[in-house]
Amino acid sequence: MSTTIHPMSIVDPRAQLGDGVVIGPFCTVGPDVVLGDGVELVSHVVVAGRTTVGPRTRIYPFASIGHPPQDVKYRGEPSTLLIGADCLIREGVTMNPGTEGGGMETVVGDRCFFLANSHVGHDCRLGNNIIFSNNVMCAGHVTIGHFVILSGGCGIQQFVRIGDHAFIGGGAGVMSDVIPFGTVRDNPAHLAGLNLIGLKRRGFTREQINELRRAYRLLFADEGTLSERVEDVASQFADHPLVHEILDFIREGGDKALCVPRDVTLPDR
C-alpha cells in the first residue's frame, strides 16, 4: 500500500512512515516521528517529538501529539510518547511525552478512544480499550488499567492509579486511587459501588459479579482497619481471582490514599 501525503502538509523527510499512511491537508510531522502502517492524520494534525503512533490509529483535526510536557521541571530530555494500535484520537486532543522524573515515556495502549479536547499528561501509562470522553483532564504520572471509561469533564490528579474496568462519572474530581471494577462520581470523587453495567457488558458471569459485590461490602465495612479487612477478604475469597485483583491493587498502593464510599473513613492501615 502506498503512502499518501497531501501537498499542503509538511512532513520531515526523516520521519518514518509505514505502508498505507494517509496524511491529509495542513498536517505537520516532525523528524523523530514514527507512524505505523495504515495511520491516518485527517487534517490539521501536528505530531512532534519522539512519538510513535501504532498501526491503523486515526487522528482528527487540531490534535497536538508529542509536544513538550507541560511540566516546569522539563529540561528538554529526549523522552518519548508511545501510542498503540487502532486508537481513535478526536479533535483537539493533546498528548505529551514523558519526563526524567517519570520514567521518560508516556504510554497509551491499543484500541483507546479519546474524544474531543481530552488530555493525556506526561508520564502517564494507559492500558488497552480505554475511553476518554470529551474534556477529560488527565494529569501527569497517572496509571489507568484496561477497559476503563472516563466520562466527560472529569479530572484525574497526578500520580493517581485507576484499576481495570473502573468507571469514572462525569465531572468527577479524582484525587485518590480507584479500585478495579469500581465506580466513582462527584467532586471530590467518592466510590459509589461497582461498575455493574460494565461488568455485564463485558461478559462477566452472575457468579463472578456476586463474588465481587460480597467482597466489596466486606472491604468497606466499618469494622477494623483497611489492612485487616484486606486480609479477611483474602482468606474468605482465596479461590476468587477477580477479588484478588482488587486486593493486590490495594496492597500495591501502600500508603497512598484510596477512593472510598462517601460514608466510610479509613482508619490507620
Side-chain angles (χ1 to χ4, degrees), residues 10-12 14-16 27-36 39 41 44-54 57-85 87-110 112-128 130-146 148 150 152-162 168 172-178 253 256-257:
I10 300 173
V11 178
D12 192 287
R14 292 167 291 179
Q16 300 179 44
C27 296
T28 302
V29 178
D32 298 314
V33 170
V34 178
L35 302 181
V39 166
L41 311 183
H44 300 81
V45 175
V46 179
V47 186
R50 295 166 179 83
T51 298
T52 297
V53 181
T57 287
R58 195 177 196 198
I59 307 179
Y60 280 76
F62 308 111
S64 175
I65 308 298
H67 279 105
Q70 299 173 69
D71 183 344
V72 296
K73 300 184 295 300
Y74 180 69
R75 294 292 182 269
E77 54 265 30
S79 55
T80 59
L81 169 63
L82 305 176
I83 300 171
C87 292
L88 194 60
I89 301 173
R90 294 303 302 254
E91 295 83 356
V93 169
T94 53
M95 295 184 181
N96 295 149
T99 65
E100 186 175 6
M104 293 289 285
E105 65 179 7
T106 300
V107 179
V108 175
D110 299 332
C112 294
F113 188 6
F114 300 89
L115 275 68
N117 302 309
S118 55
H119 173 67
V120 178
H122 59 86
D123 303 294
C124 287
R125 291 187 172 272
L126 277 56
N128 302 324
I130 293 171
I131 297 176
F132 273 46
S133 298
N134 299 81
N135 304 305
V136 167
M137 301 165 285
C138 184
H141 307 278
V142 168
T143 301
I144 301 178
H146 306 304
V148 174
L150 300 98
C154 70
I156 315 299
Q157 183 172 280
Q158 61 266 32
F159 295 101
V160 161
R161 299 178 305 141
I162 300 176
I168 311 300
V174 182
M175 296 178 284
S176 304
D177 290 353
V178 178
K256 289 193 65 181

Enquirer: Nearest 0.5 Å, what's the CZ-CD1 distance between Phe114 and Ile83?
Expert: 7.5 Å

Enquirer: Closest approach of Phe159 and Asp177, non-hydrogen atoms and distance?
Expert: O-OD1, 4.2 Å

Enquirer: When rounded to the nearest 0.5 angstrom, what is the spacing between OG in Ser118 and CD1 in Ile131?
Expert: 11.5 Å

Enquirer: Nearest 0.5 Å, please: how far is CD1 in Ile10 from OG1 in Thr28?
Expert: 5.0 Å

Enquirer: Return the NE2 to CG distance between His146 and Asn128, rounded to the nearest 0.5 Å.
Expert: 5.0 Å

Enquirer: Relative to the ring of His122, is the ring of His141 parallel (under 30°), tilted (30 to 60°) or perpendicular (over 60°)?
Expert: perpendicular

Enquirer: If I take atom CD1 from residue Ile162 and atom CD1 from residue Ile130, how far apart are they, to the nearest 0.5 angstrom?
Expert: 8.5 Å

Enquirer: What residue among Leu150, Val136, Ile144 forms side chain to side chain contact (heavy atoms under 4.5 Å, CB included) with Ile168?
Expert: Leu150

Enquirer: When you measure from the side chain of Asp110 to the backbone N and O of Ala85, does any donor-acceptor pair fall under 3.5 Å?
Expert: yes

Enquirer: Check Pro69 against Gly98 and note the closest heavy-atom contact, atom names and distance.
Expert: CG-O, 3.3 Å

Enquirer: Any non-hydrogen side-chain atom of Pro78 less than 4.5 Å from a side-chain atom of Met104?
Expert: yes

Enquirer: Nearest heavy-atom pair of Gln70 and Asn96: which atoms, and what distance?
Expert: NE2-OD1, 3.0 Å

Enquirer: Which pair of heavy atoms, one from Val29 and one from Ala15, lies closest together, and at what distance?
Expert: CG1-CB, 3.9 Å

Enquirer: Side chain of Thr99, backbone of Ser79: donor and acceptor closer than 3.5 Å?
Expert: no

Enquirer: Contact between Pro97 and Arg50 at the side-chain level, heavy atoms closer than 4.5 Å - yes or no?
Expert: no

Enquirer: Got more than 12 heavy atoms from elsewhere within 6.0 Å of CD, Glu100?
Expert: no

Enquirer: Looking at side-chain heavy atoms only, is the closest gap between Val53 and Leu41 below 4.5 Å?
Expert: no

Enquirer: Roughly how far apart are Ile156 CD1 and Cys138 SG, rounded to 0.5 Å?
Expert: 6.0 Å

Enquirer: Evaluate the salt bridge (Lys or Arg N to Asp or Glu O under 4.0 Å) criterion for residues Arg125 and Glu105: first the C-alpha distance (whole Å), next the side-chain angles of each, then the deciding distance (0.1 Å), finally the verdict.
Expert: CA-CA 8 Å; Arg125 291 187 172 272; Glu105 65 179 7; 2.8 Å; yes

Enquirer: Yes or no on side-chain contact (heavy atoms from CB on, under 4.5 Å) for Leu126 and Phe132, after CA distance, side-chain angles and deciding distance?
Expert: CA-CA 11 Å; Leu126 277 56; Phe132 273 46; 3.7 Å; yes

Enquirer: Less than 4.5 Å apart, any side-chain heavy atom of Met95 and any of Ile89?
Expert: yes

Enquirer: If the condition is side chain to side chain contact (heavy atoms under 4.5 Å, CB included), which residues does Tyr60 pass it with, not counting sequence neighbours?
Expert: Val42, Arg58, Leu88, Arg90, Glu91

Enquirer: Between Val46 and His67, which heavy-atom pair has the shortest distance, and what is it?
Expert: CG1-CE1, 3.2 Å

Enquirer: Give me the atom names and distance for the closest heavy-atom approach of Ser133 to Gly152.
Expert: CB-N, 3.4 Å

Enquirer: Evaluate the criterion side-chain contact (heavy atoms from CB on, under 4.5 Å) for residue pair Thr80 and Thr52; output intermediate values, then yes/no.
Expert: CA-CA 8 Å; Thr80 59; Thr52 297; over 6 Å; no

Enquirer: Go through the structure and list residues passing ring-ring contact (aromatic ring centres under 6.0 Å, His included) with Phe113, not counting sequence neighbours.
Expert: none

